[in-house]
Amino acid sequence: MRIGVVTFPGSLDDVDAQRAVRIGGNEAVALWHGDEDLRGVDAIVLPGGFSYGDYLRCGAISRFSPVMTSVVEAAGKGMPVLGICNGFQVLCESHLLPGALIRNDHRKFICRDQRLRIENASTAWTSAYEAGQEITVVLKNGEGAYVADEATLDRLEGEGQVVARYVGNPNGSQRDIAGVTNAAGNVVGLMPHPEHAVEDLTGPGTDGLGFFTSLVERAFA
Amino acid sequence: MARVVVDVMPKPEILDPQGKAVAGALPRLGFTGISEVRQGKRFELEVAEVTDEVLAQVHEAAEKLLSNPVIENFTVRVEDQA
């Protein structure tokens, strides 16, 4: 499959995400924030970083970039979209996902290996995992605490929209939420970085690879 | 010209780590009478003239861009030109 990776001004992990897409058996297509053209991709990754310098709020300016107009439209038609870290923040600001990410409760930037439990293994991006499976990927953020009102949190849990939870809450995220999906299951946001855990040489293992192979498995299932 | 001010504050139920950090620093500097701090943002918008239409636009901008209604509240007021 052709998976587009968007580069915003201030994106950091776009090249790693492209690499993870290729290691996952897909073709990586570079997309540019200033261009509405999605170049015929089958799915989209919004990578981590500090788009637009995190000015105003993380993801708040990126949300109104030309490419996001197309991404929001495509997501509405069912295209798989994965937002990692800053990409998750952009998806929340775009209202493609509920809730918001605020500053970590302890006010420090965290960079470490993080254990997660996959709660929903039926989304477009997590079908390579088993529900309940624990994986270790990289966590690195300063504003990664997931918040939403109680009614929204109850709905997310009730509808199975919590995709992954922290095993050991690192940042004050409500109900240990590390990632969520929309009602349709095609849009997923995840605060930790699976794209940094796809090769033994440079990460804590290859547990993150499932996020980049799920689409292929689904396509040929 | 006139100035419209939009104040954006984290909702009361949302944790405000920045405000807490400031609150933690105050006693160290000898300011002991302040029990809580919440930190927000102030936007100063210059407009040619304050009309209902302009204020409606400011409200829309505050809701759409200046604040995130999931975590923040905002107020709009016209500043007196003293």
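Note that the coordinates shown come from a computational prediction; the quantities given were computed from them, not determined experimentally. Naming: A, B, ... by sequence-line order, numbering from 1 per chain.
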Point to revise | Side-chain (A:Thr181) to main-chain (A:Val187) donor-acceptor, under 3.5 angstrom | key: yes

**Study point:** Flag side-chain contact, heavy atom, 4.5 Å: A:Ile135 against A:Tyr129
**Key:** yes

Review point. Looking at A:Val81 and A:Ala75, what are the two nearest heavy atoms and their distance?
Key: CG2-CB, 4.0 Å

Review point. Where on B:Glu13 is there a heavy atom nearer than 4.5 Å to chain A: the side chain, the backbone, both, or neither?
Key: neither

**Study point:** Toward chain B, the part of A:Asp149 with a non-hydrogen atom under 4.5 Å
**Key:** neither

**Study point:** Backbone of B:Lys11 reached by a side-chain donor or acceptor of B:Asn73 within 3.5 Å
**Key:** no

**Study point:** Portion of A:Ile102 that has a non-hydrogen atom of chain B nearer than 4.5 angstrom
**Key:** side chain

Practice item. Look only at the side chain of A:Asp16 and the backbone of A:Glu195, and say whether a donor-acceptor pair between them is shorter than 3.5 Å. Key: no

Study note, to complete from the structure: Note: A:Pro192 and A:Ile84 closest approach over all heavy atoms is O-CG2, 3.4 Å

**Study point:** Any donor-acceptor N/O pair, B:Ser67 side chain to B:Ala62 backbone, under 3.5 Å
**Key:** yes

Review point. Any sub-3.5 Å donor-acceptor pair from A:His193's side-chain atoms to A:Gly208's backbone N or O?
Key: no

Check your understanding: Side chain, backbone, both or neither: which part of A:Glu93 has a heavy atom under 4.5 Å from chain B?
Key -> side chain

Study note, to complete from the structure: Contact list (residues 20-43 of chain B to chain A, heavy-atom gap under 4.5 Å, by number) returns B:Lys20, B:Ala21, B:Lys41, B:Phe43

Check your understanding: Angle class for the A:Tyr146/A:Phe88 ring planes (parallel below 30°, perpendicular above 60°, tilted otherwise)?
Key -> parallel

**Study point:** Option that, when pairs with chain B are counted at under 4.5 Å, heavy atom only, ranks first among A:Arg63, A:Arg103, A:Arg57
**Key:** A:Arg57

Exercise for review: Give, as side chain, backbone, both or neither, the part of B:Leu15 having an atom under 4.5 angstrom from any heavy atom of chain A.
Suggested key: both

